[in-house]
Amino acid sequence: MNPRPDDFQLIDEIAGSAEISRLTTTWSNPSGFWARLSNVDHKIIGRRYIITAFVFLALGGLLSLAMRLQLSQPEARFISADRYNQLFTMHGSNMMFLFAVPVMEAMAVFLVPLMVGTRNIAFPRLNAFSYWLFVAGGLLLWGAFLIDMGPDVGWFAYVPLSGPQYASGKRADIWAQMITFTEISALCVAVEIVVTVFKQRAPGMSLDRIPLFVWSMVVTAFLIILAMPAIMVASTALILDRLVGTHFFNPAQGGDVLLWQHLFWFFGHPEVYIIFLPAVGMVSTIVATFARRPVFGYLGMVAALIATGMLAFGLWVHHMFVAGLPRLGESFFTASSMAIAVPAGIQIFCWLATLWDGRPVFKTPLLFVIGFIVTFVMGGLTGVMVASVPFDTQVHDTYFVVAHFHYVLIGGAVFPLLGAVYYWFPKITGRMMSERLGRVVFWLVFVGFHMTFFPMHILGVMGMPRRVYTYQPELPWAALNLFVSLSSVVLALGFLVFFIDVIRSARSGAPAGPNPWQAFSLEWATASPPPPYNFVHIPVVESREPLWMQRDHFPVAEGVRFDRRELIVSGVVAAEPQARESSVGHSIWPFWAAVTTSIMLVWSIFSPWAVVWGSIPVAITLIGWFWPKGTPEDEA
Amino acid sequence: MKAVVTVDVADLPLHGSGSKSPSWWGTAAFMLIEGTGFALALVVYFYLMSVAPTWPLEAKLPDLLPGTVLTLILLASLLPNIWVARAAKRNDLRKVRIGLILMTVAGIAPLAVRPFEFAAMHIKWDGNAYGSVTWLLLGLHTTHLVTDLIETIVLSCLMFTRHGDNPRRYGDVQDNAMYWNFVVLTWLPIYVSLYWVPRL
């Protein structure tokens with residue numbers, strides 16, 4: 001199977017120009033200030049989401065450069081201890097809650113509806129609401145930081161440090177309420193993804209024909225649904241302890257500090273997989289496209305995704321090995337922490353087999369995948385090391401752990417994400433990114449990353465604790481720290497070139513055409529960028545790689561109305577068409593609902609009555625949102 | 001590659017009911033989220049109980065009467081709830097209107113009893129961790145009672161307007177009924193945990 005480029009110039013001659021213009025009118029994205037705030041097109045919102053998340057990545061990166069400046073020499077005086085505490089707390093919270101989770105969901109918001117062959121995401125207004133709430137959460141965190149109110153209790157905000165006794169002021173509350181914002185928005189997107197994939201797949205896309213990226217996002221969405229309530233219960237209890245004097249975490253009144261750690265890590269460990277599984281889906285997609293053959297072991301890959309998702313809930317205690325828990329419990333969690341290496345191994349071997357058997361084309365996206373495999377395997381190996389209680393006791397809270405989780409997070413998620421940006425950028429913008437700059441970016445980021453983070457393993461073994469704002473000259477850490485700080489500049493330079501390439505290519509990159517990589521999945525069966533309605537006719541799926549298997553004809557469905565926003569709802573298992581369901585149009589109400597919700601949430605940092613009075617405008621905006629307007633979409 | 005029509009969906013209905021509808025799945029997904037929240041709040045309750053020397057912690061046993069009355073009201077409300085869901089399934093506008101009014105009353109009644117339940121705990125939220133977690137459980141459930149009541153009232157108003165007689169609205173009524181079942185069923189383990197577990 002060696003597809004020729006012209007195989008993929010899809011010609012849809014069934015619809016006449018009058019029909020296409022009606023479709024364009026029905027699904028149009030009007031311009032103007034209020035119209036933009038009202039937009040519910042998943043591609044527009046997905047694009048905003050991705051850009052916003054990358055802005056937070058850049059801001060979080062600047063924080064880490066500031067930290068590296070301070071640590072570049074012993075007893076440096078660039079940054080005070082208090083500011084440094086804010087820096088590492090902001091860096092971690094920002095990267096986890098404002099970058100990593102949102103950016104993965106954002107990619108899904110853009111791609112999943114296209115990949116399953118539908119016209120818009122399920123619950124498009126919820127999608128808009130989710131975006132605005134995410135922005136508000138980011139503004140809250142960064143606004144607080146700008147007025148020296150940034151949280152300073154670490155990204156996991158352990159009590160009692162974050163409790164009313166030790167964390168005066170509102171800094172810890174800002175952290176806890178930022179959690180509420182980002183978790184609500186993440187949960188909304190998770191629901192949209194589940195329902196889009198369950199009910200809006202193109203006719204014929206049975207469970208065993210779902211693209212692996214979509215599978216990975218479904219599993220991720222379920223992890224979000226089952227894990228994020230834990231952090232919301234935890235952060236709510238923390239705010240209550242701080243604001244109205246409850247005693248959840250106060251041992252003097254029957255509370256318990258370890259309860260916080262259990263709740264936090266019951267969320268926090270699945271969180272790692274919430275970030276990692278989408279990356280796995282991206283890697284599977286890129287590997288198949290550039291190896292020029294379907295991924296080896298599709299069934300095994302899907303099983304591994306689901307197994308990882310389930311095991312993710314049995315690992316949280318390995319973050320608490322030094323908290324003094326019963327021996328048997330620790331042994332159980334050691335075993336499960338090692339067990340999760342099995343599905344991870346299955347996936348790695350399937351990718352290697354795919355590359356081995358295929359004819360790999362080493363374009364930039366595939367380079368990042370190779371970088372991912374190398375780096376993630378190293379991070380996985382240190383993961384197996386810290387899964388052992390005696391070893392973990394030695395390196396807990398040292399730079400060894402910092403090195404380990406940057407290997408799995410940057411190696412395991414950011415590398416595939418950068419590859420995914422190079423891969424899907426042509427679909428999102430209609431223009432190619434630079435292959436030449438892409439190679440520069442890859443090598444700067446790859447080499448800069450390893451030079452920055454590998455020495456941290458050694459620093460950790462040498463006893464350097466994390467979260468210290470400085471260290472004494474007598475300690476043997478200075479040379480390595482200087483090396484790390486200089487290397488971080490190389491890494492930052494890589495990201496700078498990446499951002500330059502993105503902006504430059506968006507303006508003047510070479511036109512991409514519908515399917516520049518000769519890829520296999522449905523998002524490539526439409527123009528780049530896709531029109532607001534995604535496909536003129538909703539595709540019909542007859543195989544797992546529709547654009548590779550169907551050489552001369554492209555099956556589509558007819559009978560969906562063009563004069564209202566309509567799409568096909570299909571069965572969960574076999575994706576047989578069940579109804580022609582409408583999809584709601586643009587609305588300003590989700591924006592106002594996000595504004596009123598934000599006011600209530602920020603107000604409630606200061607007064608419990610905000611929940612009572614603040615919920616009235618929220619209710620009004622929600623009623624305005626749901627009240628039928630007599631549009632054609634309301635017909636049934 | 002040319003587009004070729006292989007499936008024609010023109011004859012399909014404009015709205016699928018029950019589990020054919022995306023909003024049914026959306027409601028189910030939100031129930032899963034909130035159900036997880038309830039389960040975790042109960043985990044907190046039992047965790048705090050496990051580290052406490054006595055339970056209730058420095059408080060009298062909760063009075064059984066208000067909680068039990070509320071439980072009975074909630075269980076009784078399932079009857080009109082199932083009735084209105086069936087009427088909605090048959091697109092029977094008159095019965096749906098009557099049923100929604102009944103359900104509005106059935107939604108207000110437990111809220112009239114709930115304040116006595118807080119009092120029946122014999123401790124406030126800031127008394128100790130036992131007070132905190134009991135008030136958290138009651139508060140969390142009360143929030144669900146209030147939000148579903150508001151939803152029911154809005155739906156009732158809607159069904160008396162020109163927008164009412166529409167399969168999509170009947171679907172909303174069914175989803176709302178499903179959600180009320182959820183609010184009732186999640187109460188049962190909370191009721192047992194708050195009132196009977198301390199008596200074991």
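Naming convention: chains lettered A, B, ... in sequence-line order (proteins, then strands); numbering from 1 in each chain. Quick caveat: nothing in here was measured; it's all calculated off a predicted structure.
Of the atoms belonging to A:I538, not a single heavy atom falls under 4.5 Å from chain B. Contacts between B:D8 and chain A at a heavy-atom distance below 4.5 Å involve backbone atoms as well as side-chain atoms. Of the atoms belonging to A:V611, not a single heavy atom falls under 4.5 Å from chain B. Of the two parts of A:L258, the backbone and the side chain both hold a non-hydrogen atom closer than 4.5 Å to a non-hydrogen atom of chain B. Contacts between A:A122 and chain B at a heavy-atom distance below 4.5 Å are absent for every atom of the residue. Neither the backbone nor the side chain of A:N250 has a heavy atom closer than 4.5 Å to any heavy atom of chain B. With a threshold of 4.5 angstrom between heavy atoms, A:V569 approaches chain B through side-chain atoms but not through N, CA, C or O. With a 4.5 angstrom heavy-atom cutoff, A:E576 does not touch chain B via any of its atoms. Interface residue A:I623: only side-chain heavy atoms are found under 4.5 Å from chain B. With a 4.5 Å cut-off on non-hydrogen atoms, B:L158 touches chain A through its backbone and its side chain both. For A:F222, the part lying near chain B is the side chain, with the backbone staying farther off; criterion is any non-hydrogen pair under 4.5 Å.
Chain B forms more heavy-atom pairs under 4.5 Å with one residue of A:F198, A:W627, A:F626 than with any other, namely A:W627. Of all the listed residues (B:A41, B:S19, B:P22), the one sharing the greatest number of non-hydrogen pairs under 4.5 Å with chain A is B:P22. Interface remark: of the candidates B:P167, B:A129, B:C157, B:S23, B:A129 forms the most heavy-atom pairs closer than 4.5 Å to chain A. Across A:M232, A:E635, A:E566, A:K199, the residue that shares the most heavy-atom pairs under 4.5 angstrom with chain B is A:K199. When each of B:G131, B:S21, B:G127 is checked for heavy-atom pairs under 4.5 Å with chain A, B:G127 comes out on top. No other option in A:I225, A:L622, A:I224, A:V233 has as many heavy-atom pairs under 4.5 Å with chain B as A:I225. Ranking A:V194, A:L126, A:T236, A:V195 against chain B, the residue ahead of the rest is A:V195, based on heavy-atom pairs under 4.5 Å. Ranked by heavy-atom pairs under 4.5 Å with chain B, the list A:A234, A:S615, A:G245 is led by A:G245. Taking A:D241, A:T196, A:V244 one by one and counting their heavy-atom pairs under 4.5 Å with chain B, the maximum is reached by A:V244.
Residue B:K2 holds its NZ atom at 13.0 Å from NE2 of A:H553, rounded to the nearest 0.5 Å. A distance of 10.5 Å separates CG of B:L57 from NE2 of A:H247, quoted to the nearest 0.5 Å. Atom CZ in A:R580 sits 8.0 Å away from atom CG in B:D11 (nearest 0.5 Å). One finds the CG atom of B:L14 at 6.0 Å from the CZ atom of A:R561 (value rounded to the nearest 0.5 Å). The distance from the CD atom of A:Q578 to the CG atom of B:L12 is 9.0 Å, given to the nearest 0.5 Å.
Between B:V4 and A:P555, the closest side-chain pair of non-hydrogen atoms is not below 4.5 Å. Using a 4.5 Å cut-off on side-chain heavy atoms (C-beta onward), A:F248 and B:L48 make contact. Side-chain contact check for A:V191 versus B:W25: every heavy-atom pair is 4.5 Å or farther apart. Residues A:M228 and B:T36 fail the side-chain proximity criterion, which asks for heavy atoms closer than 4.5 Å. Between A:L263 and B:V44 the shortest side-chain heavy-atom distance falls below 4.5 Å. In this structure, the side chains of A:P577 and B:V7 come closer than 4.5 Å at one or more pairs of heavy atoms. Looking only at side-chain heavy atoms (C-beta outward), B:W125 and A:L240 stay at 4.5 Å or farther from each other. Counting only heavy atoms from C-beta outward, the side chains of B:R168 and A:E581 approach each other to under 4.5 Å.
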side-chain contact (heavy atoms from CB on, under 4.5 Å) evaluation trace for A:F266 with B:L40
CA-CA 10 Å; A:F266 184 78; B:L40 285 161; 4.2 Å; yes
Please test A:D634 against B:R169 for side-chain contact (heavy atoms from CB on, under 4.5 Å), starting from the C-alpha separation and ending with a verdict.
CA-CA 9 Å; A:D634 205 37; B:R169 294 294 93 69; 3.1 Å; yes
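In this structure, B:R97 places its CZ atom where more than 12 heavy-atom neighbours from other residues, nucleotides or ligands lie under 6.0 Å away. By the 6.0 Å contact criterion, CZ on B:F160 is enclosed, its count of non-hydrogen atoms from other residues, nucleotides or ligands being greater than 12. Crowding of B:R199 atom CZ: a count of heavy atoms from other residues, nucleotides or ligands under 6.0 Å exceeding 12.
With hydrogens and angles disregarded, no donor-acceptor distance shorter than 3.5 Å links the side chain of B:H163 to the backbone of A:K629.
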